[in-house]
Amino acid sequence: MNTEDASVQARSVPPHLPEAFYRELGPGRFASSPATAGPWSAKFQHGGPPSALLGRALERHEPREGLRIARVTVELPRPVPVAELRVEVRTVRSGRRAELVEGEISSGGQTVMLARAWRLAASPPDTPALYPGPKPPPLPDAQPPHTMADAHLDGYIAAVEWRFEPGRGFDTMGPGTVWARQRVPLLAGHEDTPLTRALTLADSNWAVAFELDHRGRFVINTDVTLLLHRDPVGEWLCLRSTTEASPDGSGLAQGRLADVVGDCGRVLQTLLVDER
């Protein structure tokens with residue numbers, strides 16, 4: 001692993017970036033900054049920041065010692081506008097060892113994002129540490145800002161530092177691997193958490209492995225599921241992503257999530273594939 005300290009907070013932030021993805025306006029109300037804007041439009045957010053905002057609310061909702069969020073599934077029924085957002089959460093089922101919580105984000109009176117999360121009792125200390133599969137590649141050295149063809153680059157893409165394998169980037173077709181970390185925090189004046197860092201990145205999974213021609217056809221994910229068998233460590237996270245698709249079917253993007261220690265979880269996304 002690159003000797004760069006993953007805990008270092010200072011970084012080079014482009015001067016045009018806001019101080020954070022969001023600013024708190026009051027209980028459950030948040031202002032969205034231009035850094036949330038996704039690659040397809042400056043008016044609509046990338047799925048990562050609002051997923052993390054909702055995940056933050058879920059983990060702060062009636063927290064219980066000894067329980068941790070092990071899985072979050074986010075549904076994307078509508079594009080999330082770069083606008084004021086309202087976040088609401090509730091408990092669906094609470095047990096001694098497991099708890100199901102859910103939440104939603106609304107804007108302008110419309111629900112734009114839904115999520116459900118399982119909070120599970122932490123496994124005991126004698127649980128075997130099982131990490132099947134190859135270790136992630138070392139963190140590459142610093143790279144120039146990455147671009148994406150026909151994309152809005154001044155929002156989310158600029159707000160995250162991306163380090164691909166040498167010679168590769170967003171416009172490289174095929175399975176992909178990237179190390180990434182946020183250049184700005186999720187919420188102004190608040191510390192990020194392992195869960196919010198992972199959710200901020202998770203929706204980028206299929207873009208790391210553009211194996212379907214998203215410019216020649218319509219391709220969009222309808223959801224994102226993050227599964228964590230342990231909490232990620234540090235700011236740098238690694239995604240190793242692949243895509244599967246079938247005629248008369250749909251697409252499936254799968255990612256292995258790792259940190260400076262090793263494997264920590266998976267990312268799954270359903271892809272709607274159609275003609276433009």
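Side chains included, hydrogens not; waters and symmetry mates left out as well; all remaining heavy atoms used. Note that the numbering runs from 1 along the sequence shown for the chain.
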message: Surrounding CZ of Arg93 (heavy atoms of other residues, nucleotides or ligands, distance under 6.0 Å), is the total greater than 12?
response: yes
message: Which residues pass the salt bridge (charged side-chain N to carboxylate O under 4.0 Å, His left out) test with Asp192, not counting sequence neighbours?
response: none
field: In one Ile/Leu/Val/Met/Phe/Trp/Tyr side-chain cluster, 4.5 Å: Phe21, Trp40
entry: yes
field: Close side-chain approach of Leu228 and Arg68, heavy atoms under 4.5 Å
entry: yes
query: For Asn205, does its backbone N or O pair with a side-chain atom of Ser241 as donor and acceptor, under 3.5 Å?
result: yes
message: Once side chain to side chain contact (heavy atoms under 4.5 Å, CB included) is applied, do any residues pair with Thr127, and if so which ones, sequence neighbours excluded?
response: Ser123, Pro124
Residues forming a side-chain hydrogen bond (donor to acceptor under 3.5 Å, both in side chains) with Glu99, sequence neighbours excluded: Arg64, Ser94, Arg119
message: How long is the straight-line distance from CG of Leu186 back to OG of Ser51, given to the nearest 0.5 Å?
response: 10.5 Å
Side-chain touch Glu211/Thr242, heavy atoms, less than 4.5 angstrom: yes
query: Nearest 0.5 Å, what's the CG-CZ distance between Asp274 and Arg217?
result: 9.5 Å
message: Rounded to the nearest 0.5 Å, what separates atom CZ in Phe30 from atom CD in Glu24?
response: 4.5 Å
message: According to a hydrophobic-cluster definition based on side-chain heavy atoms being under 4.5 Å apart (Ile, Leu, Val, Met, Phe, Trp, Tyr only), do Val82 and Val160 belong together?
response: no
message: Using the ring-ring contact (aromatic ring centres under 6.0 Å, His included) criterion, which residues pair with His229? Sequence neighbours excluded.
response: Tyr131
field: Glu104 side chain reached by Leu114 side chain, heavy atoms, under 4.5 Å
entry: yes
task: Look only at the side chain of Arg163 and the backbone of Pro140, and say whether a donor-acceptor pair between them is shorter than 3.5 Å.
output: yes
- prompt: Do Leu201 and Met113 sit in the same hydrophobic cluster, where Ile, Leu, Val, Met, Phe, Trp and Tyr count as joined when their side-chain heavy atoms come under 4.5 Å apart?
  reply: yes
task: Check which hydrophobic residues are tied to Leu268 through side-chain heavy-atom contacts below 4.5 Å, counting indirect links as well, and list them.
output: Leu227
- request: Answer yes or no: is there a side-chain heavy-atom contact under 4.5 Å between Ser107 and Leu85?
  value: yes
field: Set of residues satisfying salt bridge (charged side-chain N to carboxylate O under 4.0 Å, His left out) with respect to Glu84, sequence neighbours excluded
entry: Arg29
message: Once ring-ring contact (aromatic ring centres under 6.0 Å, His included) is applied, do any residues pair with His61, and if so which ones, sequence neighbours excluded?
response: none
message: Treating Arg266 as the side-chain partner and Gln254 as the backbone partner, does any N or O pair qualify as donor plus acceptor under 3.5 Å?
response: no
Partner set under salt bridge (charged side-chain N to carboxylate O under 4.0 Å, His left out) for Arg71, not counting sequence neighbours: none
message: Per the ring pair (Phe, Tyr, Trp, His ring centres under 6.0 Å) rule, what does the pair list look like for residues 66-123, sequence neighbours excluded?
response: none
field: Stepwise salt bridge (Lys or Arg N to Asp or Glu O under 4.0 Å) test for Asp259 and Arg230
entry: CA-CA 11 Å; Asp259 56 20; Arg230 65 171 176 82; 2.8 Å; yes
- line: Across all chains, not counting sequence neighbours, the salt bridge (charged side-chain N to carboxylate O under 4.0 Å, His left out) partners of Glu102 are Arg90, Arg116
message: Return the CG to CD distance between Leu17 and Glu19, rounded to the nearest 0.5 Å.
response: 11.5 Å
message: Would you say Phe44 ends up clustered with Val87 if hydrophobic residues are merged whenever their side chains have heavy atoms under 4.5 Å apart, either directly or through other cluster members?
response: no
message: Counting only heavy atoms not in Arg276 (residues, nucleotides, ligands), do more than 12 fall under 6.0 Å from its CZ?
response: yes
message: For the backbone of Asp203 and the side chain of Gln269, can you confirm whether one donor and one acceptor N or O come within less than 3.5 Å of each other?
response: yes
Student check: side-chain heavy atoms of Pro50 and Tyr22 closer than 4.5 Å: yes
- request: Anything under 30° is parallel, anything over 60° is perpendicular, the rest tilted; go ahead and classify His214 against Trp206.
  value: perpendicular
query: How many angstroms lie between atom CG of Leu76 and atom CG of Asp223, to the nearest 0.5 angstrom?
result: 7.0 Å
query: Does atom CG of Asp248 have more than 12 heavy-atom neighbours, drawn from other residues, nucleotides or ligands, at distances under 6.0 Å?
result: no
- request: Determine whether Leu195 and Val72 make a side-chain contact, defined as any pair of heavy atoms from C-beta on separated by less than 4.5 Å.
  value: yes
query: Checking Gln143 side chain against Phe164 main chain: does a donor-acceptor pair fall under 3.5 Å?
result: yes
message: Any non-hydrogen side-chain atom of Ser33 less than 4.5 Å from a side-chain atom of Arg23?
response: no
query: What about Leu252 and Val219, same hydrophobic cluster or not, with Ile/Leu/Val/Met/Phe/Trp/Tyr joined at side-chain heavy-atom distances under 4.5 Å?
result: no
- request: Kindly give the cluster partners of Phe218, where membership spreads through any ILVMFWY side chain lying under 4.5 Å from a current member.
  value: Ile220, Leu272
message: Given 3.5 Å as the limit, does a donor-acceptor pair link the side chain of Arg56 with the main chain of Thr193, or not?
response: no
message: Counting C-beta onward and ignoring hydrogens, is there a side-chain heavy-atom pair between Arg197 and Pro232 closer than 4.5 Å?
response: no
All N/O donor-acceptor pairs, side-chain side in residues 147-157, below 3.5 Å, sequence neighbours left out:
unit_1	atom_1	unit_2	atom_2	d
Tyr156	OH	Thr200	O	2.7
Tyr156	OH	Ser204	OG	2.9

